[in-house]
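Below, chains carry the letters A, B, ... as their sequence lines are ordered, and counting in each starts from 1. Side chains are part of it too, since the values below use all heavy atoms of this structure and drop only hydrogens, waters and symmetry mates.
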Number of protein chains: 2
Amino acid sequence: MIDPEAGTNPQVQRTHRVMLDAARELLSENGPGAVTHLRVAEASGVARATVYRHWPDRVDILLDLLRGGADLHLVPPPEGLSLAERVTGLLQNLASALNGDSGQILTAMIGLAEWDEDVFAALERMRAFGPRLLRDILAAGIDDASLAADTDIDVLMDVLIGPLFLRRLLHHAEITNDYVARLVTTTLGPCLSR
Amino acid sequence: MIDPEAGTNPQVQRTHRVMLDAARELLSENGPGAVTHLRVAEASGVARATVYRHWPDRVDILLDLLRGGADLHLVPPPEGLSLAERVTGLLQNLASALNGDSGQILTAMIGLAEWDEDVFAALERMRAFGPRLLRDILAAGIDDASLAADTDIDVLMDVLIGPLFLRRLLHHAEITNDYVARLVTTTLGPCLSR
DNA sequence: CGCACATGATACAGTATGTCTCATCTAAGT
DNA sequence: ACTTAGATGAGACATACTGTATCATGTGCG
């Protein structure tokens, strides 16, 4: 096992990064089953023993990937816009993340999380940020009366996010901006107080 | 390889069923990675060579499980009910399937489908039935004017189904009848012409 | 009974896994 | 520049898994 205190050692950092890049490509190309110590070693040119030193368990590599590469990089949309515009912006943000590499890593993790509680916990932490942003936007919508006061925010959040995951995970289809626009129109349109 | 013409041989059927039962339990208990020829043989008490004879490739076992156990058993709700009632009935039907073993098999398959096109094709065939039922119900709703004529049916379907998958796959939460009711109220309620 | 064939048991080579040792190399401080 | 701690590379090693083959035994069916 690598000394955790060696986090500042440039040699360690270099090796770690090279291996992790190879692992990410293996995951993307061949799925989570391909992320083994042996294949990471071969793909990165690092000795097999070194891969074991950095991640004693196979799942540790995947958890490291999840930490480093699958955060969805959601940013809060600007304040001045209308509720529908802010929601659309956030969902397009989420959509582009799901369309890219993060979506693939996420898919792998969702499959693993069913049976590995460490992966599940990591996934749990990861998906805490996006929903909070969306909830804030919707709550602000109720405050300034652009949303009806009796709106079921929990369900509305699922209704906005669920279809994106459905399209990505089950249909393997790209989530276009047009789709997000239609989604917001269908779900939010009728709820808006006019 | 087992002679496909031997499908009527009771000895073959018996062995096949015993192995498949063991495979299903392995999948449910330990995930798709645990469904190997060796472990199916050990768990079922069948010789390892026999497992290879029935399914030359590891994925074939999973595809067999997908065929046999993961169909969602959706039934069309009765005609006399209102649109919201029929949609609620169908979604509760889907929810109970997702809550049970089918949901777990489905989760495994979704993870595999990202990288195995055979699994993806099988998944594709499987999820053709449910959406068709829902689409028929919604189309009938437009015909009898209980839904607005300009309703975006494709998106509305995703909006109804997506949250269920989101809850099952990402939250690992049970989908209650109450949740389905709130879902239908939130999404369909405002669309209904009154 | 006798035939066709599925199964059980076992062997086999090839490969993957996990751990270990030791020489070499790198990044620090002296 | 020297020295030292520790990270890496190279490889050995036992064990386990994979895929295939062989042959004796058991089962279903005419």
Does H16(B) make a side-chain N or O approach to OP1 or OP2 of dA6(C) shorter than 4.0 Å?
no
Worksheet entry | Cluster overlap W115(B) with L169(A), hydrophobic side-chain contacts below 4.5 Å | no
Applied to residues 45-63 of chain B, the salt bridge (charged side-chain N to carboxylate O under 4.0 Å, His left out) test, sequence neighbours excluded, yields none
Query - Side chain proximity check, L62(B) to L112(B), heavy atoms < 4.5 angstrom - result: yes
By side-chain contact (heavy atoms from CB on, under 4.5 Å), A173(B) pairs with (sequence neighbours left out) R167(B), H171(B)
Contacts of H172(B) meeting ring-ring contact (aromatic ring centres under 6.0 Å, His included) (sequence neighbours excluded), chain-then-number -> F120(A)
Notebook entry, point to check: Taking side chain as C-beta onward, heavy atoms only, is D136(A) less than 4.5 Å from P76(A)?
Noted result: no
Residues passing the side-chain contact (heavy atoms from CB on, under 4.5 Å) test with N177(B), sequence neighbours excluded, are Q92(B)
Contact check, residues 35-45 of chain A vs DNA chain C, heavy-atom distance under 4.0 Å, returns T36(A), H37(A), L38(A)
Polar contact flag, side-chain donor to acceptor under 3.5 angstrom, D178(A)-T176(A): no
Readout for nucleotides 19-24 of chain C: B = base within 4.0 Å of protein heavy atom, S = sugar-phosphate only, - = neither; 5' to 3' it is BBB---
Contact string for nucleotides 25-30 of chain D, one letter per nucleotide 5' to 3', B = base within protein heavy-atom range under 4.0 Å, S = sugar-phosphate only, - = neither, reads --SSS-
* Would you indicate whether the side-chain heavy atoms of L138(B) and T151(B) approach each other to under 4.5 Å? => no
Residues passing the side-chain contact (heavy atoms from CB on, under 4.5 Å) test with E25(B), sequence neighbours excluded, are E29(B)
Stems with DNA chain D, 3 or more Watson-Crick or G-U pairs in a row (under 3.5 Å), are C:1-30 with D:1-30
Between CD1 of I61(B) and P of dT18(D) the distance, given in whole Å, is 10 Å
Donor-acceptor pairs are to be reported for all side-chain atoms of residues 15-22 of chain A against protein atoms at under 3.5 Å, with residues two or more places apart or in another chain.
from, atom 1, to, atom 2, distance (Å)
T15(A), OG1, Q11(A), O, 2.9
H16(A), ND1, H54(A), ND1, 2.8
H16(A), NE2, D64(A), OD2, 3.0
D21(A), OD1, R24(A), NH1, 3.2

In whole angstroms, the gap separating P of dG6(D) from CD of Q13(A) amounts to 17 Å
Across all chains, not counting sequence neighbours, the side chain to side chain donor-acceptor pair (under 3.5 Å) partners of S44(A) are none
To the nearest angstrom, the CZ-P distance between R58(A) and dA16(C) comes to 14 Å
Taken in chain and number order and not counting sequence neighbours, the residues that satisfy side-chain contact (heavy atoms from CB on, under 4.5 Å) with A23(A) are V35(A), V40(A), I61(A), L65(A)
